[in-house]
**Student:** 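Questions regarding the structure given below will be posed in turn.
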Amino acid sequence: MHQPVKKVVIAGGGTAGWMAAAAVGKVLGKTLDITLVESDEIGTVGVGEATIPTILTLHEVLKIKEQDFLTAVQGTFKLGISFENWRDVGEDYIHSFGFTGKDHWAAGFQHFWLKGQQLGMVKEYGEYCAEWLAAKQNRFAVLPNLTLNYAYHFDSSLYAKFLRGIAEENGVVRREGKIAEVRQNPFNGYISELQLSDGAVIEGDFFIDCTGFRGLLIEQALSAGYDDWTHWLPSDRAVAVQTESVGPPIPYTRAIAHESGWQWRIPLQHRVGNGLVFSSKFWSEDEATEKLLSNVQGAQITDPRVIRFQTGTRRAHWKKNCVAMGLSSGFMEPLESTSIHLIQRSVIRLLQMFPHDGVRTPDVNEFNQQMQFEMDNIRDFIILHYHVTNRRDTPFWRHCASMEIPDSLKHRIELFKQSGRVFKVPTELFGENSWVQVMLGQGLVPEQYHPIVDMMSQEELKSFLEGIKGSVGNMVAQLPEHQQFINHYCSIPTSAVPQSRSA
Ligand SMILES: Cc1cc2nc3c(=O)[nH]c(=O)nc-3n(C[C@H](O)[C@H](O)[C@H](O)COP(=O)(O)OP(=O)(O)OC[C@H]3O[C@@H](n4cnc5c(N)ncnc54)[C@H](O)[C@@H]3O)c2cc1C
């Protein structure tokens, strides 16, 4: 028998918990009784500050006013990610959020650029993309007649606080307390209530597990299982530290590869978030911490903190009357800033398949299939950065270059290498232009371009390429500096900067 869902309990109040609370509250709050339990004693993971453009969709659902949001979270704009030392030491490229050049329906812009390159007409692939050029020139604006594809950098604890405001406005009740026991119905194994360590009991019809890596409900109670992907993505540790800003924030995230890992630098209005992701097989925690601290700019605001993780995915994201979101559902390292996106996808999916009259198996199966498909595609995209590289300078990079990779990724690499072609699987996150930017950026050179390019004479090709480059240049020249735009759009005086509680 199906039990209608009236009471929803969200376990955990990190980014995942409050995203779920804000969205479920906003969309279905009037029909549900929603409680969120979080424990100040346990705290949140305290990282996760770079996003991708899909976050704007969630903010539209939540009717968030961008200026208010950016002011509250000390946010900056992000046009892409700069990958430094990935193809080889001393070589950089940017994976931008924009479109590059102009495609022909039969052949992507990369084919035109490849011929241009063979003829010595072009330099960087990104020069034909406004977001790439704006990032390079440190410019940004949100203008009515000029649309850039962008995302945000924000302070994660301020973001959770901001979302909490929206959730509470929509009737979500916050309960501070430590969950001591997850109780299940002895007949069907459904979760029935959470027992808190202060003795209180929180009953629910449906539970959202946002308890972080521990997966208190989905794993510890429901034993959903976990697929380990460490053999494809070897990093299993991060060390994080916050520093003072030493200059105006740049409109992109930096991902700087080192000998056995890579370092992120996320510029916010009031500070910089830094961290180093690494594999414990190749670096000790002390070595990684030393590497990070010798590569940050600005005075340290926090002590370095090591975070351990296992890359992989929960075998079921939705099991019985529980959906896992955020770190409890699995984790892929933050190289392409995809975790917050995945939380958002889980929230939107749950809202689309909300079990108001009881949990039904087809919904559960559909939800799990869609999550898995999306995670597999993101996984392949991240592996690409490690595997396709000219770096052979350390055991870590030699390992990455020679490791086995999924067949799905092998196919994409071979397709691009032999023909310059890339095809997006419908509903996958990363589009053709992302794959092309990263494959070229990592040093993969296609053996040929599409013959349709030869329909243009060399003069026509030159004028086609120069025309795009010229209009991209003119468009970006109209933009103010990133900092100047922030000052005008969403900054607050330093004395009024809200206190972050993340470490
Ligand atoms: C090193 C690193 C860098 C990252 N960088 C990015 C990035 O740049 N971009 C991105 O999109 N994502 C990033 N992520 C992922 C991102 O941080 C997470 O997806 C996001 O913060 C969501 O975390 P969470 O809410 O699932 O878990 P957490 O933040 O760990 O929150 C867990 C919550 O559960 C509560 N809880 C746990 N146990 C109990 C209990 N027994 N009783 C009561 N409450 C309990 C805690 O109090 C807390 O509120 C990164 C992750 C890591 C590890």
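Just so you know, ligand 1 is whichever comes first in the structure, and atom 1 is the first atom listed for that ligand. These numbers come from a predicted model, not from an experiment.
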**Student:** List the steps, then state whether side chain to side chain donor-acceptor pair (under 3.5 Å) holds for E131 with Y252.
**Tutor:** CA-CA 10 Å; E131 288 77 358; Y252 55 90; over 6 Å; no
**Student:** With heavy atoms only and a cut-off of under 4.0 Å, state how A50 meets ligand 1: side chain, backbone, both or neither.
**Tutor:** both
**Student:** With a cut-off of 4.0 Å, which atoms of ligand 1 are near a heavy atom of W264?
**Tutor:** 1 (C), 3 (C)
**Student:** What residue and atom, counting heavy atoms only, is the protein's closest point to atom 4 (C) of ligand 1, and at what distance?
**Tutor:** P334 CB, 3.5 Å
**Student:** Can you label the angle between the F331 ring and the F213 ring as parallel, tilted or perpendicular, going by 30° and 60°?
**Tutor:** perpendicular
**Student:** What do you reckon, are the aromatic ring centroids of Y150 and F97 less than 6.0 Å apart?
**Tutor:** no
**Student:** Please state which protein non-hydrogen atom is closest to atom 2 (C) of ligand 1 and give its distance, to 0.1 Å?
**Tutor:** V47 CG2, 3.5 Å
**Student:** Counting heavy atoms only, which part of E49 comes closer than 4.0 Å to ligand 1: side chain, backbone, both or neither?
**Tutor:** backbone
**Student:** If you measure from each heavy atom of S156 to ligand 1, is any distance below 4.0 Å?
**Tutor:** no
**Student:** Which residues pass the side chain to side chain donor-acceptor pair (under 3.5 Å) test with K136, sequence neighbours left out?
**Tutor:** none
**Student:** In the protein, what heavy atom is nearest to atom 53 (C) of ligand 1, and what distance, to one decimal place, separates them?
**Tutor:** F331 CZ, 3.6 Å
**Student:** Less than 3.5 Å between some nitrogen or oxygen of L327 and one of ligand 1, yes or no?
**Tutor:** yes
**Student:** Judged on heavy-atom distance to atom 13 (C) of ligand 1, which of G13, G48, G14 sits nearest?
**Tutor:** G48
**Student:** Of the protein's non-hydrogen atoms, which lies at the shortest distance from atom 20 (C) of ligand 1, and what is that distance?
**Tutor:** T15 CB, 3.9 Å
**Student:** Can G177 be said to touch ligand 1, with heavy atoms closer than 4.0 Å?
**Tutor:** yes
**Student:** Looking at the rings of F430 and W435, which for Trp means the six-membered one, are their centres under 6.0 Å apart?
**Tutor:** no
**Student:** Are F278 and F396 near enough that their ring centres are under 6.0 Å apart?
**Tutor:** no
**Student:** Could you pull out, from G326, A16, S339, S157, the option with a heavy atom nearest to atom 15 (C) of ligand 1?
**Tutor:** S339
**Student:** Would you tell me which option among V239, I266, I42, V45 has the nearest heavy-atom contact to atom 45 (C) of ligand 1?
**Tutor:** I42
**Student:** If you count the atoms of ligand 1 from 1 in the order shown, which ones are under 4.0 Å from a heavy atom of L216?
**Tutor:** 40 (C), 41 (N)
**Student:** Heavy-atom distance to atom 11 (O) of ligand 1: which of L342, I340, I52 wins?
**Tutor:** I340
**Student:** Verify whether the ring centers belonging to F367 and H317 lie closer than 6.0 Å.
**Tutor:** no
**Student:** Side chain, backbone, both or neither: which part of T51 has a heavy atom under 4.0 Å from ligand 1?
**Tutor:** neither
**Student:** Do the rings of F485 and Y489 sit parallel, tilted or perpendicular, given the 30° and 60° boundaries?
**Tutor:** parallel
**Student:** Heavy-atom distance to atom 33 (C) of ligand 1: which of G212, G17, C210, S39 wins?
**Tutor:** C210
**Student:** Considering only the protein, which heavy-atom contact is closest to atom 37 (C) of ligand 1, and what is its distance?
**Tutor:** R214 NH1, 3.3 Å
**Student:** Between V277 and ligand 1, find which residue part has any heavy-atom pair under 4.0 Å and reply side chain, backbone, both or neither.
**Tutor:** neither
**Student:** By the definition side chain to side chain donor-acceptor pair (under 3.5 Å), identify the one residue from N377, D376, D380 that meets it with S408.
**Tutor:** D380
**Student:** Do E259 and W283 have a side chain donor and acceptor closer than 3.5 Å?
**Tutor:** no
**Student:** Given the side-chain rings of H399 and F282, with only the six-membered ring counted for Trp, is the space between their centroids under 6.0 Å?
**Tutor:** yes
**Student:** Would you say the rings of Y386 and W86 are close, in the sense that their centroids are separated by under 6.0 Å?
**Tutor:** yes
**Student:** Tell me which protein heavy atom sits closest to atom 41 (N) of ligand 1, plus the residue, atom name and distance to 0.1 Å.
**Tutor:** I179 O, 3.2 Å
**Student:** Not counting sequence neighbours, list each pair that qualifies as a salt bridge (Lys or Arg N to Asp or Glu O under 4.0 Å) and has a residue in residues 228-247.
**Tutor:** R237-E285
**Student:** If the cut-off is 4.0 Å to any non-hydrogen atom of A238, which atoms of ligand 1 fall inside it?
**Tutor:** 1 (C)
**Student:** Parallel, tilted or perpendicular: which fits the ring planes of H482 and F140, with parallel below 30° and perpendicular above 60°?
**Tutor:** perpendicular
**Student:** Starting from atom 35 (C) of ligand 1, which protein heavy atom do you reach first, and at what distance in Å?
**Tutor:** G12 CA, 3.6 Å
**Student:** Against ligand 1, does G43 come closer than 4.0 Å with any heavy atom?
**Tutor:** yes
**Student:** For ligand 1, does A11 get within less than 4.0 Å through its side chain, its backbone, both, or neither, judged by non-hydrogen atoms?
**Tutor:** neither
**Student:** Hey, which atoms in ligand 1 end up nearer than 4.0 Å to a heavy atom of I343?
**Tutor:** 19 (O), 22 (C)
**Student:** Taking the six-membered ring for Trp, are H59 and Y159 parallel (under 30°), tilted (30 to 60°) or perpendicular (over 60°)?
**Tutor:** tilted
**Student:** Should W18 be listed as contacting ligand 1, given a heavy-atom distance under 4.0 Å as the test?
**Tutor:** no
